[in-house]
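Here the structure is laid out as C-alpha cells; the discussion comes afterwards.
Predicted model only: the values in this text are computed from it and were never measured. Index from 1, following the sequence.
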Amino acid sequence: MWRSCFRLGAGSGSFPRRACLLPASRLGPGDQAGPAPGLALLRRAYAPPAERKKFYQNVSITQGEGGYEINLDHRKLKTPNAKLFTVPSEALAVAVATEWDSQRDTVKFYTMHLTTLCNTSLDNPTQRNKDQLIQASMKFLDTDTICYRVEEPETLVELQKNEWDPVIDWAEKRYDVKIGSSTNIMGPDIPAKTKETFISLLASYNMWALQGIEFVVTQLKSMVLSLGLIDRHLTVEKAVLLSRLEEEYQVQKWGNVEWAHDYELQELRARTAAGTLFVHLCSESSTVQHKLLQE
C-alpha cells in the first residue's frame with residue numbers, strides 16, 4: 001500500500017555549475033588531473049546528459065515497502081540502470097525531492113549531488129562491497145592533505161602549523177590515535193593501530209553512508225578533515241578552506257583569475273556540503289554512532 005506524503009511547491013535556487021574536477025595540486029593516490037577518482041568512469045558508464053529540458057511540473061514523495069520514492073508528476077523516478085529510485089529515510093527523500101523541485105526550464109543534473117549519490121548507492125555501478133568502500137576512503141589517510149607540510153616559505157609553514165595542527169590534535173584526542181605530520185614527500189608514517197581504529201569507525205556506517213564518506217574524502221583529499229566535518233567539529237566552509245590552504249595562500253600572494261577562483265570554491269563547498277548531508281541523512285536511523293569512540 002502506498003501513502004502520499006506531500007507535494008512540493010515551486011522551489012528556487014540550485015547548486016553552482018561545475019563538473020567535479022581536481023587541480024593537480026589536490027591529487028590523491030593514483031589520481032590524474034581531471035575528474036575525481038571513480039567519478040569519470042561512472043559518468044562514462046551511465047550518467048545522464050548534463051542538462052535536459054524539464055519534463056515535469058510537480059514533485060512528490062510516496063512511501064512503499066522498500067522505502068521512500070520520488071514522483072515526477074505521476075511517474076516514479078528511476079535510476080540510470082532503471083531501478084526504482086527508493087531511499088531509506090524520509091529526510092533524504094525530502095532533500096532529493098527538493099533538488100528536483102529546484103530545477104527551472106532545464107534539469108541540470110550536475111547540480112544534483114544528492115540524487116547522484118543515491119543513484120550510485122542504488123546501482124553500485126562498480127560493484128564494490130563494504131570493505132572496498134572503506135579502503136577507498138582509507139587510501140587518503142596516507143596522503144592526507146593536512147599531514148603534508150612545506151619547508152618554506154616560513155609564512156606558509158607557520159600558516160599550516162596554526163591552521164592544521166589544531167585539527168590533527170582534535171582527531172588524535174577524539175579517536176585516541178596518533179597521526180602526526182611530515183615534510184617528507186612520502187607523508188607521515190601512520191601507525192597500524194590508527195588505521196585499524198579508522199577502519200573500525202568506517203565499518204560502523206552503512207553502505208549508503210560510506211558512499212557519502214568516500215565522496216567527501218575525495219573532495220577534501222583528507223580523511224582527517226572529513227571526519228571533523230562529519231563529526232560536526234568543523235563547518236563545511238572551514239573544512240573546505242583548510243583543504244585549500246596552500247591554494248588560498250597563493251591566491252592571496254599572487255592574485256587569482258577573475259571569477260574562476262570563487263566559482264571553484266563555491267562548487268567545492270556545494271559538493272562537500274551535499275556529501276556531508278548525505279552521510280548524516282543516511283545514518284540518522286542506524287546505530288552508527290561508534291560506541292567505541294564515545295567521548
Side-chain angles (χ1 to χ4, degrees), residues 8 11 13-22 31 34-56 59 61 67-72 75-89 91-104 106-128 132-133 136-137 205-220 226 229-230 236 240 264 266-283:
L8 295 172
S14 65
F15 288 117
R17 309 174 184 178
R18 189 171 186 271
C20 182
L21 299 179
L22 299 174
D31 291 342
L39 296 183
L41 177 60
L42 251 116
R43 283 199 296 271
R44 288 197 303 270
Y46 78 116
E51 294 187 14
R52 177 182 173 183
K53 183 176 175 59
K54 189 173 179 180
F55 54 92
Y56 58 92
V59 184
I61 295 173
Y68 295 87
E69 302 169 3
I70 309 298
N71 305 303
L72 306 178
R75 291 174 290 187
K76 295 184 184 300
L77 184 62
K78 299 290 185 67
T79 71
N81 281 356
K83 291 182 179 178
L84 184 64
F85 190 101
T86 307
V87 300
S89 75
L92 180 57
V94 170
V96 171
T98 301
E99 283 190 334
W100 285 89
D101 192 56
S102 297
Q103 306 303 306
R104 287 293 168 251
T106 58
V107 181
K108 298 176 174 63
F109 294 102
Y110 51 85
T111 69
M112 303 169 73
H113 305 303
L114 293 173
T115 299
T116 299
L117 283 165
C118 290
N119 282 332
T120 302
S121 296
L122 288 164
D123 283 347
N124 192 13
T126 53
Q127 297 299 303
R128 291 183 296 174
Q132 289 170 321
L133 282 173
S137 292
Y205 287 87
N206 60 45
M207 286 281 288
W208 283 63
L210 285 172
Q211 293 280 5
I213 291 172
E214 184 198 0
F215 185 75
V216 174
V217 172
T218 301
Q219 307 312 310
L220 300 179
S226 297
L229 181 56
I230 291 167
V236 170
V240 167
E264 179 179 337
Q266 293 301 323
E267 173 59 13
L268 181 57
R269 283 178 179 171
R271 293 195 304 268
T272 303
T276 305
L277 178 61
F278 185 81
V279 174
H280 289 159
L281 294 181
C282 291
S283 305

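Of all heavy-atom pairs spanning Asp123 and Gln127, the tightest one is O-NE2, 3.8 Å. A pairwise comparison of heavy atoms in Ala209 and Ser283 identifies CB-OG, 3.6 Å as the closest pair. When all heavy atoms of Tyr110 and Ala50 are compared, the closest pair comes out as CD2-O, 3.3 Å.
With sequence neighbours excluded, the residues satisfying side-chain contact (heavy atoms from CB on, under 4.5 Å) with Ser137 are Leu202, Ile213, Glu214, Val217, Met223.
Between Leu220 and Leu229 there is a side-chain heavy-atom pair separated by less than 4.5 Å. Two residues are said to be in side-chain contact when any heavy atoms from C-beta on lie closer than 4.5 Å; Phe85 and Leu72 fail this criterion. Between Thr106 and Arg52 the shortest side-chain heavy-atom distance does not fall below 4.5 Å. Two residues are said to be in side-chain contact when any heavy atoms from C-beta on lie closer than 4.5 Å; Phe278 and Val216 fail this criterion. Counting only heavy atoms from C-beta outward, the side chains of Asn71 and Val59 never approach each other to under 4.5 Å. Looking at heavy atoms from C-beta onward, Ile230 lies in side-chain contact with His280 at the 4.5 angstrom threshold. Side-chain atoms of Cys118 and Trp208, non-hydrogen and from C-beta on, do get closer than 4.5 Å to each other. When side chains are defined from C-beta on, Thr120 does not count as touching Phe215, because their heavy atoms never get closer than 4.5 Å.
No donor-acceptor pair closer than 3.5 Å links the side chain of Asn81 to the backbone N or O of Pro125. A donor-acceptor contact shorter than 3.5 Å is absent between the side chain of Glu69 and the backbone of Leu77. Without hydrogens or angle criteria, Lys83 side chain to Leu122 main chain gives a donor-acceptor distance under 3.5 Å. Between the side chain of Glu99 and the backbone N or O of Ala95 there is no donor-acceptor pair closer than 3.5 Å.
Counted by atom type alone, Ser121 and Gln211 present zero donor-acceptor pairs between their side chains at under 3.5 Å.
A cation-pi arrangement is present between Lys54 and Tyr56 under the rule of less than 6.0 angstrom and at most 45 degrees off the ring axis.
Summarising the geometry, atom NE2 belonging to His113 is positioned 9.0 Å from atom OG1 belonging to Thr272; distances are rounded to the nearest 0.5 Å. Taken to the nearest 0.5 Å, the CG atom of Asn124 stands 12.0 Å off from the CG atom of Asn119. For the atom pair OG1 (Thr86) and NZ (Lys78), the distance works out to 10.0 Å, reported to the nearest 0.5 Å. Rounding to the nearest 0.5 angstrom, the gap separating the CD1 atom in Ile61 from the CG atom in Leu92 is 9.0 Å. The distance from atom CD of Glu267 to atom CD of Gln219, rounded to the nearest 0.5 Å, is 8.5 Å. Interatomic distance, Thr276 OG1 to Leu281 CG, rounded to the nearest 0.5 Å: 10.5 Å.
The aromatic rings of Trp100 and Phe109 sit perpendicular to each other, their planes meeting at more than 60°, with 30° as the lower class boundary.
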Next item on the list: Output, in order, the C-alpha distance, side-chain angles, deciding distance and verdict of side-chain contact (heavy atoms from CB on, under 4.5 Å) for Arg271 and Thr218.
Entry: CA-CA 10 Å; Arg271 293 195 304 268; Thr218 301; over 6 Å; no
